[in-house]
Structures are given as C-alpha cells and as structure tokens.
Number of protein chains: 2
Amino acid sequence: MKSQVTLKELARKLGIATSTVSRALKDNTEISIETRIRVKKLATELNYEPNALALSLRRSKTYTIGVILPELVHFFFSTVISGIEDVTFSKEYNVILCQSNESLEREISNCKALFNHRVDGIIACISKETTNYNHFIALQEKGIPLVFVDRENPVDASKIISGDFNGAYDATQYLLKSGCKRIIHLAGPQNLVLSQERMNGFLKAHQEYGIATDENQIVRCGGGETHEAFEIVRNLIEKKYLFDGIFAVNDMAAVGALKAVQSAKLRVPEDVSIIGYSDWALCAFISPPLTTVQQKGYEMGTKAAELLLKEMHSKDTFIEPSIIVLPTKLILRESTRILIQNDH
Amino acid sequence: MKSQVTLKELARKLGIATSTVSRALKDNTEISIETRIRVKKLATELNYEPNALALSLRRSKTYTIGVILPELVHFFFSTVISGIEDVTFSKEYNVILCQSNESLEREISNCKALFNHRVDGIIACISKETTNYNHFIALQEKGIPLVFVDRENPVDASKIISGDFNGAYDATQYLLKSGCKRIIHLAGPQNLVLSQERMNGFLKAHQEYGIATDENQIVRCGGGETHEAFEIVRNLIEKKYLFDGIFAVNDMAAVGALKAVQSAKLRVPEDVSIIGYSDWALCAFISPPLTTVQQKGYEMGTKAAELLLKEMHSKDTFIEPSIIVLPTKLILRESTRILIQNDH
DNA sequence: CTGTTAGCGCTTTCAT
DNA sequence: ATGAAAGCGCTAACAG
C-alpha cells in the first residue's frame with residue numbers, strides 16, 4: 001500500500017492543526033466556514049479516507065461483526081449470510097466471515113481471530129463436531145454479544161432457531177393424513193439438536209395420531225448426504241422392508257431416497273410419499289417436485305443481525321437472552337399425495 | 001465489551017515495562033528466561049489476546065482481505081467464497097465479505113468500506129450493473145492489490161476467469177455433433193463479457209462446423225432467470241419456431257427452457273437437446289438430468305486468493321497482471337443425446 | 001475559532 | 001536484561 005493520506009498530512013499542507021482538520025471534516029460549527037471549506041476541498045482533492053483502524057482503536061468499537069458458519073456452499077447457509085450482510089450493510093457495519101468447515105478446531109480458531117479483531121459482536125452456527133462450548137463462553141465472558149443461528153446448543157445466549165420440532169411434526173402429520181400407513185424417517189447426526197427435534201416431531205405426530213412406532217422406522221442416515229440415503233433406501237427395498245412414506249432429515253437425503261424408490265420401479269407419490277427438509281433450490285425442479293419443509297434462511301440471517309445489533313447497542317451490562325423460533329412452512333409439491341381437506 | 005487485558009495491564013501487574021512484556025511474549029532471547037515464564041504464565045491466566053487493531057495500525061498491515069461478490073446465495077459464488085476462505089484461513093488471513101447485490105452503487109460503497117478498513121488486498125467480481133470502473137481503479141491507485149474473479153472487465157488487473165468462450169464452444173459443438181440441426185441460444189445480459197463470450201463460442205462452433213447462423217437463433221433472455229426462459233421458449237414453440245437444441249447462458253435458464261419444452265409435450269433429448277451452464281447442484285437431479293458446462297468456482301476462489309496473496313507479498317511496486325483462465329468441463333447427462341464417437 | 005496534549009494498544013529504537 | 005519514549009492515525013478534553 002502506498003503512503004496514505006492522513007489528517008496530519010492535510011494539516012501540514014494547510015498549515016493548521018490536525019484537530020482542526022478532524023473537526024472541519026465533520027462540520028463542527030466551532031470551525032469557521034472558510035476553514036471547513038478549505039479542508040474539505042483538499043480532502044476531496046487528495047482523496048482522503050479516514051483510517052477505520054485508528055478510529056476503531058480510539059473508540060474501542062470496530063463497527064464490524066464476526067460470522068462463523070459451518071459451510072458456505074450450502075444453500076441454507078448462503079441465504080443466512082446473505083440476510084446478515086444485507087442488514088449490516090444498511091447499518092454501516094462490516095462482516096468478517098469465517099467458515100468452520102464443520103470442524104471444532106477451526107471453529108475455536110475462528111472465535112479467537114474474531115476476538116483479536118475486536119469485532120463488536122458475533123453470529124455463529126455451531127459445527128457438527130461441536131460438543132464443547134468453552135470457546136463461545138469465553139467470548140461471552142469477554143463481553144462480546146453473541147447470537148446463535150439454526151443449530152440449537154446449551155450456551156446461554158440469544159438464538160434464532162428454526163422450529164424443527166414443529167416442521168417435522170407438520171410434515172409427518174401431512175403424510176399420515178394423506179393416507180400413509182408406515183413412514184420411515186431418515187434421521188440426521190444425533191449430536192445435532194436439530195436432528196433430534198426433527199425425529200421427535202416425527203414421533204409426536206404418530207403419537208397424536210394414535211399410531212405406534214417402532215425403532216425400525218428411524219433409520220440413521222449419517223451425514224444426510226444424497227448417496228447415503230440412496231444406499232439406505234435401496235437396501236430397505238431389497239430386504240422387502242415395507243413403507244409407503246419417507247420423511248427425510250433434509251432435502252439431499254430426500255432426493256437420494258426418491259432416486260432409490262424410483263429405481264426400484266416404485267411410483268412417487270402413488271406408492272411412496274416423500275418429504276424433505278430445507279427447500280433447497282433444487283426441490284422444485286426434480287421430478288416429481290419435492291414436498292419439503294421450508295426454512296427461512298434469509299430471514300434467520302436478518303433476524304440474527306437485527307437482534308445482535310440491538311444487543312450490541314443495549315446499555316445494560318446483562319441482557320436476558322432471547323430465543324426466537326422462526327416458523328417453518330410445509331411446501332406442498334408432487335412427491336406427496338393430495339390431501340382432501342375435511343375441515344373440522 | 002468489558003475491559004480488555006492489555007500489555008499495559010500485564011506490565012502493571014508484574015511491575016515491569018510494557019516493552020518487556022511485549023518481548024517476553026514473543027520469546028525474545030534478550031529477555032531472561034524467568035521473566036519470560038512469569039509473563040507468559042500471567043498472560044495465559046488472564047486470557048490475554050493481542051489487539052489486532054493496534055497491531056494493524058502499528059504495522060500498517062491488517063492481515064485481512066476484502067471480498068466483493070454480487071450474490072452470496074448463488075451456488076457458484078458460494079463456492080468461490082468458500083475457496084477463498086479456505087486459502088486465507090490457512091495463511092492466517094481474515095476475510096471481510098461484502099455482497100454488492102448486483103448494484104453498482106453498493107459495489108462502490110463496498111470498495112470504500114474495504115479501503116477504510118485498510119484491507120491488504122481485494123478480490124472482487126463486478127456486478128451486472130457495473131460499466132464504470134473508477135472505484136476499482138481508485139483502489140489500485142491507492143496501491144491495494146486487486147484480483148478479479150469470473151466476470152471479465154477492462155480494468156488492468158489480475159483476473160481469474162472462466163473459459164466462457166471455450167465452454168460455450170464445446171457445448172455447442174457437442175450439440176452439433178450429436179445431430180442438432182437448429183440450435184437456439186438463450187443469451188444473457190450483454191454488458192457482461194461472459195454473456196458475449198458464451199454467445200461467441202456458440203457462433204464460432206457453428207462457423208467451424210460450416211453451418212450458417214441467423215440472428216433469430218440468438219434470443220435475449222434478460223436476467224437469465226428460470227421464469228424468463230420458460231416464457232421465451234414457450235412463446236417460440238407456440239409460434240412454431242422450430243429448433244432441436246438449446247444452449248442456455250446458465251442453468252436456471254436451461255431449467256426454464258426444459259420445463260417449457262416438456263410442457264409442450266416435446267421430449268428431451270429426443271426432440272430437443274438442452275445444455276446449461278455452471279453445474280448448479282440441482283442439475284443432476286432434475287428430470288432428465290441436465291447436461292451442463294461445469295465452472296470450477298471453488299478452484300477459482302482458491303486460485304484468486306493464492307494469486308492475491310502472492311501479489312500482496314511481492315516486493316515490486318509494479319506487478320504485471322496475470323490472467324488465469326480456468327478451463328471448463330462439459331458434464332454429459334441426459335438432456336442431450338449420446339454422441340457416438342467416431343475417432344476417424 | 002484554533003492549537004496543544006494525551007491516549008487507544010502495540011512495537012521498536014535507543015538508552016542504560 | 002530492561003526501561004523510556006516515540007509513533008501508527010485519530011479524537012476529545014482542555015486551554016487559550
């Protein structure tokens with residue numbers, strides 16, 4: 001970087017004090033109009049831009065927030081970061097972005113880096129590996145406002161979470177109401193509360209509907225990837241394990257399941273109904289278009305950013321954490337049968 | 001933020017000078033072993049972390065790079081940022097992320113914010129609106145290394161671009177070789193060099209194949225969105241405009257075209273072959289799976305970050321810009337007919 | 001209306 | 001082996 005234009009340099013060129021330049025630039029009325037004009041003119045000429053570092057150091061405030069997300073390439077997270085960025089941009093905050101790559105070690109490193117940069121606050125989504133939360137608690141102890149998104153965890157902080165239980169409940173209920181007799185659930189990693197919640201919603205819907213479930217209906221689907229689900233479902237079919245509905249922990253798994261069902265010459269939704277989770281971009285375009293539970297990632301991002309900014313600006317030293325549950329929405333497409341509404 | 005632990009505080013607690021503490025912490029051999037141990041012990045106890053702001057100010061180096069991307073939610077860009085982040089993380093750099101939302105005004109604002117933060121370098125992809133490049137040139141004049149990704153532009157800077165011309169050429173050639181007689185091209189915004197290149201590749205392939213093209217084969221498809229392409233193609237079919245191949249400027253448009261073709265009861269690929277561009281996640285899962293030109297977003301991100309870091313660390317004041325063209329790859333799926341190789 | 005001074009947290013030269 | 005002092009760029013209290 002070439003030599004920067006600084007207040008000092010402006011002052012020297014104009015033969016006045018730096019403090020005068022500083023004041024003139026912010027239109028302080030104590031400074032004479034003429035001086036203000038002279039200063040601003042030169043500043044524009046030399047393309048002066050204030051050094052945010054010096055300002056931050058001075059103010060002990062960086063106007064920067066940190067964001068830690070597991071994987072940027074996942075559609076859901078990309079919508080979250082997009083939401084965050086839109087809000088912070090409008091409030092003239094900047095975002096330092098870190099991706100933990102689902103690694104605890106990297107997440108810890110991210111926390112440290114963000115603290116060192118003295119970000120004014122942090123929005124984070126824990127990695128799949130995270131079972132210890134000391135690095136987040138350390139942040140809080142250092143007084144940095146922290147808001148979690150999406151994946152639940154035991155830290156006593158504000159959170160924007162998705163109504164996983166309800167989303168799963170709604171999806172399962174729909175399958176049941178539309179006539180499914182035996183539904184399997186492709187479950188996600190059990191250390192993620194989200195996986196548990198979706199499983200619990202699945203179970204609860206059965207219970208309320210008066211249908212017993214057995215453990216064979218819950219099938220672990222490791223990382224919830226397409227190929228895993230494909231293998232699992234193909235296996236079930238080969239073993240003549242019968243089912244007429246699938247509720248998958250996410251859309252990728254649902255797509256794998258769909259392919260497996262179709263490759264066994266079973267029809268979707270006539271023979272098997274399938275519901276995914278997340279409403280990935282692809283869902284509407286596969287064949288048949290996938291019924292799924294929509295999670296509002298963008299909204300989660302904006303809400304998280306708004307909440308964080310609010311907490312950052314709060315005068316209180318102690319802030320009661322807020323937990324905001326964002327409702328999900330069942331998007332009906334053609335991988336499920338049509339439900340004849342009988343209202344009452 | 002609560003009171004920070006600073007060098008000064010450590011020094012006070014230990015009854016020594018801050019400069020000694022500073023040195024001890026970095027294992028300066030001029031400091032006695034005992035002092036070093038004492039200092040480090042207290043630093044660990046109090047959870048001391050250096051203030052990156054102060055360091056940056058002192059060193060005139062922030063170990064931070066800025067990234068400006070049009071839209072984070074697009075799969076391609078999310079892979080780019082992911083690639084960038086992985087490289088910078090491994091080199092202990094941080095990323096300040098901005099999304100321009102395809103707005104020139106916002107892009108200008110992003111440039112300013114990044115400069116104010118005194119980032120050590122910038123990676124940017126111009127917005128669709130950008131036709132004036134002064135804000136980028138200003139950055140260069142201030143001596144900030146700049147690397148562009150993906151969308152070509154006239155600024156004299158290093159660039160990692162995708163071989164759009166060749167990608168389009170390959171795709172078109174495949175259609176031709178597999179028997180298409182009349183192919184239409186759904187073209188993108190013409191102010192984007194990428195759109196022009198893809199169109200030129202389309203034309204060149206015809207030319208080399210000895211097939212004349214007329215302007216009716218090039219159909220403007222505004223923003224290249226799914227619904228636009230759907231309307232356009234449906235219209236063409238209704239007007240009995242004949243074609244047996246479609247090369248779309250991107251996958252979204254290709255999907256729209258596919259739906260339109262199918263809804264007119266034409267078969268893909270038997271009646272109409274379709275090729276998209278970008279290899280979005282959805283491509284493999286729609287029906288039929290879409291043949292597309294794969295762009296290596298992640299690799300583009302890593303390459304851009306590596307090049308930027310290299311330029312940042314160069315001692316030379318003037319650096320000859322490098323233009324790296326990343327080859328594309330035609331991913332054959334089922335929206336195109338199978339080509340019988342005749343390796344003459 | 002403007003200048004002087006101190007200090008944000010850190011490193012580094014120069015003394016001792 | 002350690003300390004004092006200056007300075008990175010900026011602001012704000014204080015002085016005049």
Side-chain angles (χ1 to χ4, degrees), chain A residues 1-40 42-43 46-64 112 115-120 142-143, chain B residues 1-40 42-43 46-64 112 115-120 142-143:
Chain A
M1 182 170 320
K2 289 183 192 145
S3 73
Q4 303 180 25
V5 185
T6 65
L7 284 188
K8 205 196 214 174
E9 187 181 339
L10 294 182
R12 196 176 47 73
K13 289 221 160 103
L14 293 166
I16 57 180
T18 60
S19 54
T20 308
V21 178
S22 171
R23 288 184 192 113
L25 251 17
K26 32 177 82 67
D27 250 332
N28 187 321
T29 48
E30 287 188 339
I31 306 295
S32 72
I33 295 280
E34 306 90 67
T35 311
R36 275 187 260 167
I37 293 176
R38 277 178 66 218
V39 170
K40 285 188 199 163
L42 186 67
L46 299 186
N47 232 315
Y48 169 78
E49 291 285 346
N51 184 323
L53 292 168
L55 258 164
S56 297
L57 187 60
R58 183 74 233 262
R59 297 205 222 277
S60 303
K61 172 146 172 63
T62 55
Y63 285 96
T64 300
K112 199 162 280 181
F115 175 72
N116 290 357
H117 273 272
R118 298 301 189 268
V119 293
D120 296 334
K142 287 179 170 151
Chain B
M1 183 168 323
K2 292 188 189 138
S3 73
Q4 304 179 24
V5 184
T6 64
L7 284 187
K8 204 196 215 175
E9 187 180 339
L10 294 182
R12 196 176 46 74
K13 288 219 160 103
L14 293 164
I16 57 180
T18 60
S19 50
T20 308
V21 178
S22 171
R23 289 184 190 113
L25 251 17
K26 33 180 77 66
D27 250 331
N28 187 322
T29 49
E30 288 189 338
I31 305 294
S32 72
I33 296 278
E34 307 88 67
T35 311
R36 275 188 259 168
I37 293 176
R38 277 179 66 218
V39 170
K40 285 188 200 162
L42 186 66
L46 298 188
N47 232 314
Y48 168 78
E49 291 286 346
N51 183 323
L53 292 168
L55 259 164
S56 296
L57 187 60
R58 184 72 232 261
R59 295 205 221 277
S60 302
K61 173 147 171 62
T62 55
Y63 285 95
T64 301
K112 199 162 280 182
F115 175 72
N116 290 357
H117 272 272
R118 297 299 189 268
V119 292
D120 296 333
K142 287 180 170 152

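Each chain gets a letter, A, B and so on, in the order the sequences are listed, and its residues count up from 1. No hydrogens, no waters, no symmetry mates; every other heavy atom, side chains included, goes into these values.
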Worksheet entry | Residue K112(A) excluded, over 12 heavy atoms near NZ under 6.0 Å | no
Response to the item:
In whole angstroms, the gap separating C1' of dG3(D) from CZ of R12(B) amounts to 18 Å
Worksheet item: Using a cut-off of 4.0 Å on non-hydrogen atoms, how would the nucleic acid contact of L53(B) be classed: base, sugar-phosphate, or nothing?
Response: nothing
Discussion item. Regarding K26(B), tell me which of base, sugar-phosphate or nothing describes its non-hydrogen contacts under 4.0 Å with the strands shown.
Written reply: sugar-phosphate
Discussion item. Any heavy-atom pair between the side chains of R12(B) and L10(B) that's under 4.5 Å?
Written reply: no
Worksheet entry | First of L55(A) and T29(B) reached from the 5' end of DNA chain D, by closest nucleotide | T29(B)
Fill in: T62(B) backbone acceptor or donor facing D120(B) side chain under 3.5 Å
yes
Item to complete: Answer with base, sugar-phosphate or nothing: what part of the nucleic acid does T6(A) contact at a heavy-atom distance below 4.0 Å?
Response: sugar-phosphate
Worksheet entry | Nearest-angstrom distance from the residue atom CG of L7(A) to P of dA12(D) | 12 Å
Worksheet item: Nearest-Å distance, CG (L57(B)) to C1' (dC8(D))?
Response: 4 Å
Practice prompt. Could you tell me the separation between the NZ atom of K61(A) and the P atom of dG9(C), rounded to a whole number of Å?
Written response: 16 Å
Worksheet item: So which nucleotide from dT12(C), dG9(C), dG3(C) ends up closest to the side chain of S22(B)?
Response: dT12(C)
Worksheet entry | I31(A) backbone acceptor or donor facing R36(A) side chain under 3.5 Å | yes
Item to complete: Let me know the distance between CG of N28(A) and P of dC10(D), rounded to the nearest Å.
Response: 17 Å
Worksheet entry | Residues within residues 30-38 of chain B bordering DNA chain C, heavy-atom distance below 4.0 Å | none
Worksheet item: Roughly how many Å is it from CG in N51(A) to P in dG7(D), rounded to a whole number?
Response: 18 Å
Item to complete: Ignoring hydrogens and angles, tell me if any N or O in the side chain of R118(B) forms a donor-acceptor pair with the backbone of L53(A) under 3.5 Å.
Response: no
Item to complete: Kindly indicate, with the supporting measurements, whether the criterion salt bridge (Lys or Arg N to Asp or Glu O under 4.0 Å) is fulfilled by K13(B) and E9(B).
Response: CA-CA 6 Å; K13(B) 288 219 160 103; E9(B) 187 180 339; 3.2 Å; yes
Worksheet entry | R118(B) CZ to dG9(D) P, straight-line distance once rounded to whole Å | 9 Å
Practice prompt. Ignoring backbone atoms, test whether K8(B) places a side-chain nitrogen or oxygen under 4.0 Å from the OP1 or OP2 oxygen of dC8(C).
Written response: yes
Worksheet item: Where the side chain of T20(B) is concerned, which of dT4(C), dT2(D), dG9(C) is the nearest nucleotide?
Response: dT2(D)
Fill in: Nearest-nucleotide comparison on DNA chain D, the residue closer to the 5′ end among R23(B) and R59(B)
R23(B)
Response to the item:
To the nearest angstrom, the CG-P distance between L10(A) and dG3(C) comes to 14 Å
Worksheet item: Are the side chain of R23(A) and the backbone N or O of E30(A) linked by a donor-acceptor pair below 3.5 Å?
Response: no
